[in-house]
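Taking it in order: structure first as structure tokens, then the write-up.
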Amino acid sequence: MGKYIGIDLGTTFCAVSYIDDKGNPQIIRNREGDNTTPSSVLFEDGKTIVGKTAKKKSTAKPLGYEAFVKRHMGESTYTFTAPDGTSYRPEEISAIILKKLKDDAEAALGEEILGAVITVPAYFGDPQRDATKDAAQIAGINVLGIINEPTAAAIAFGVSKDIEKTQKVMIYDFGGGTFDVSVLEIDNGNIRVISTNGDHQLGGYDVDMVVYNMIKEAAFDEGIDIEKNPRYKQKVMLEVEEVKKTLSTSMTAEISLEFGDDIFECELDREDFEEAISDILDTTMSIMQGALNEAKLTYGDIDKILLVGGSSRIPAVTSIIEEQTGIHPSSDVHPDEAVAIGAAFHVIELAKRGLEQPQNSNTFSNAQQFTNNATADVVLPEIEKQFKFVDVTSHGIGIIVYSMELQKEVNSILMPKNTEVPAEIVNDNFSTVNPYQEKIALTVTQGEFEEVEYVTVIGQAELNLRPRNKLVPIRFIVSCDENQIIHVRAIDLDENVDLGEITINREEHNMTEEQVEKSAENIHKLNIG
């Protein structure tokens with residue numbers, strides 16, 4: 001036997017959920033007995049420590065401590081170097097966390113984990129999504145699907161609540177390292193994402209840094225330079241979390257820290273804190289308005305605003321949302337657990353889909369592959385309230401072309417942002433640039449701008465073309481699957497020849513298959529606890 005799980009792989013903490021035999025969602029406690037696991041890793045004397053213990057020990061070994069790695073997913077240039085000199089890519093650090101989550105889940109359930117749905121910020125692009133899948137593969141987790149965090153929260157809300165009439169719901173997802181807003185339409189059995197907007201470099205970490213700087217400046221005034229000592233810096237970063245929690249329930253927070261022989265004490269009050277983070281909250285309001293504009297709605301059309309993510313607990317968040325929108329935001333779902341619960345519901349749907357799909361089907365899905373390769377007699381739980389959801393692309397998908405009119409390269413969007421997925425769009429409005437052209441340099445992008453410097457290149461390929469004494473018309477077909485993974489195909493319309501599908505240049509953004517396999521070998525040799 002075995003179980004399927006939903007994983008909220010968060011920037012600051014993670015949560016894991018499954019659906020029990022009665023069809024009810026359950027959060028899986030880790031081996032420390034907690035519902036959430038900090039996304040923290042400490043390399044110490046041949047051991048690799050993950051979670052709460054890693055955080056506690058981080059002040060003693062700050063140079064061996066890594067957190068907030070989710071912000072670097074998809075960055076091939078970022079590495080973390082452990083004290084023993086070993087370098088780790090973001091995917092490998094995430095894999096260490098995921099392996100801990102998987103091992104804890106198997107220990108708690110007493111069964112093998114057969115597969116998972118992992119959540120990502122809605123505004124993650126293709127490189128970040130691929131990096132998340134690589135991390136899971138390194139950790140030995142079969143990924144049946146990737147789902148956007150706000151969508152997962154909406155599933156948790158839609159399944160758990162009796163919704164008698166159609167509602168338009170806005171998800172305000174303010175996590176530790178990312179911020180997303182999604183506008184959805186929810187009825188009793190259907191969830192349709194209308195628009196999404198966000199910033200995967202904005203989150204609770206930015207709030208932490210504001211508080212950190214307040215403490216740092218106060219300490220500097222007393223002759224203590226926190227920046228010069230990594231242990232002092234890490235001690236303050238841990239204190240920042242407690243200060244945020246205290247200021248969410250009290251008007252003041254008392255701080256007392258030992259820096260060597262010095263005792264530093266100060267007091268922060270909520271009013272100063274809220275003023276200091278006002279620019280961050282104003283930015284979240286602008287992103288909310290952007291999502292609303294893209295949905296072609298006003299706040300008068302919104303029935304409910306749901307708060308998700310630990311940073312949404314800050315009282316100033318509720319205040320500014322109500323002030324700007326006229327809507328008192330709701331905490332109908334657990335801000336720390338809703339995303340994992342929604343993923344757990346979705347993984348059961350994908351597992352059922354995989355088991356029901358014939359093995360000789362031409363559309364051999366991840367769900368089918370993993371469920372058919374798992375234990376044949378798996379009994380999946382029945383969920384009383386069925387649901388369906390339709391998501392949208394979080395970025396425009398385009399290609400770089402040469403504009404004869406502008407006499408320069410521009411980004412031509414083939415699939416606009418907020419297109420419902422899965423989707424396929426055909427565009428015949430292109431041709432070669434010169435007669436006798438032998439190759440097409442195909443560059444696929446994510447972004448909403450025409451200027452090439454403002455978009456992200458997600459894939460490149462060189463396609464061969466039979467040269468002719470004329471300009472050859474080219475058809476481009478762009479498709480996006482339910483995991484928001486992109487495929488682009490080119491067709492020579494003059495001879496009706498398939499020129500091939502783009503192969504993502506994983507050397508540039510993500511790990512090669514060989515690197516993933518090698519990393520998996522190395523990670524599984526670590527003493528992770």
Side-chain angles (χ1 to χ4, degrees), residues 6 115-130 132-133 136 142-152 154-155 158 180 182-187 189-198 294-295 342-343 345-358 361-371 386-399 413-428 444-448 458-459 475-491 498 500-504:
V117 161
I118 300 179
T119 65
V120 296
Y123 230 58
F124 256 20
D126 200 74
Q128 291 88 3
R129 291 169 192 270
D130 271 340
T132 302
K133 293 174 72 175
N142 295 326
V143 180
L144 273 65
I146 299 289
I147 185 174
N148 291 338
E149 290 162 3
T151 306
I155 291 172
D180 284 316
S182 289
V183 179
L184 310 97
E185 187 173 82
I186 304 177
D187 63 25
N190 298 284
I191 298 169
R192 183 174 70 89
V193 181
I194 303 173
S195 70
T196 187
N197 201 9
E294 290 172 1
F345 279 120
H346 186 45
V347 77
I348 298 302
E349 175 66 22
L350 291 182
K352 286 182 178 179
R353 194 184 305 173
L355 287 172
E356 293 168 358
Q357 190 172 356
S361 169
N362 290 328
T363 55
F364 193 77
S365 67
N366 283 350
Q368 180 190 356
Q369 176 183 349
F370 294 140
T371 52
Q386 299 299 312
F387 68 92
K388 295 180 180 179
F389 79 89
V390 176
D391 219 327
V392 298
T393 56
S394 54
H395 301 273
I397 308 302
I399 57 174
I413 296 176
L414 302 179
M415 182 177 287
K417 178 184 177 184
N418 293 322
T419 298
E420 290 188 358
V421 293
E424 181 176 277
I425 292 178
V426 178
N427 193 311
D428 293 343
V444 181
T445 65
Q446 284 186 331
E448 284 63 65
I458 61 171
R475 167 181 293 163
F476 288 107
I477 303 171
V478 58
S479 61
C480 182
D481 64 22
E482 62 185 10
N483 293 322
Q484 297 208 25
I485 304 301
I486 310 302
H487 309 270
V488 178
R489 183 169 292 277
I491 307 292
D498 189 336
E501 184 174 285
I502 188 169
T503 301
I504 298 297

Interatomic distance, [X] atom [atom1] to [Y] atom [atom2] [nearest 0.5 angstrom]:
{"X": "His346", "Y": "Ile146", "atom1": "NE2", "atom2": "CD1", "value": "9.5 Å"}
{"X": "Ile191", "Y": "Phe387", "atom1": "CD1", "atom2": "CZ", "value": "6.5 Å"}
{"X": "Ile477", "Y": "Ile491", "atom1": "CD1", "atom2": "CD1", "value": "4.5 Å"}
{"X": "Leu414", "Y": "Cys480", "atom1": "CG", "atom2": "SG", "value": "12.5 Å"}
{"X": "Thr196", "Y": "His395", "atom1": "OG1", "atom2": "NE2", "value": "8.5 Å"}
{"X": "Arg475", "Y": "Asp428", "atom1": "CZ", "atom2": "CG", "value": "4.0 Å"}

Counting C-beta onward and ignoring hydrogens, is there a side-chain heavy-atom pair between [X] and [Y] closer than 4.5 Å?
{"X": "Gln446", "Y": "Ile486", "value": "yes"}
{"X": "Ile425", "Y": "Val478", "value": "yes"}
{"X": "Phe389", "Y": "Ile147", "value": "yes"}
{"X": "Val120", "Y": "Asn148", "value": "yes"}
{"X": "Leu144", "Y": "Arg353", "value": "no"}

Which heavy atom of [X] sits nearest to which heavy atom of [Y], and what is that distance?
{"X": "Gly447", "Y": "Ile413", "result": "O-CD1, 3.8 Å"}
{"X": "Gly6", "Y": "Val347", "result": "N-CG1, 4.5 Å"}
{"X": "Phe476", "Y": "Ala490", "result": "CE2-CB, 3.8 Å"}
{"X": "Met415", "Y": "Thr419", "result": "CG-OG1, 3.6 Å"}

Quick one: does [X]'s side chain have a donor or acceptor within less than 3.5 Å of a partner on [Y]'s backbone?
{"X": "Glu448", "Y": "Gly396", "answer": "yes"}
{"X": "Asp180", "Y": "Ala122", "answer": "yes"}
{"X": "Thr393", "Y": "Asn418", "answer": "yes"}

Query raised in the report: Would Ile118 and Arg129 satisfy side-chain contact (heavy atoms from CB on, under 4.5 Å), going step by step from the backbone distance to the final call?
Result: CA-CA 10 Å; Ile118 300 179; Arg129 291 169 192 270; over 6 Å; no

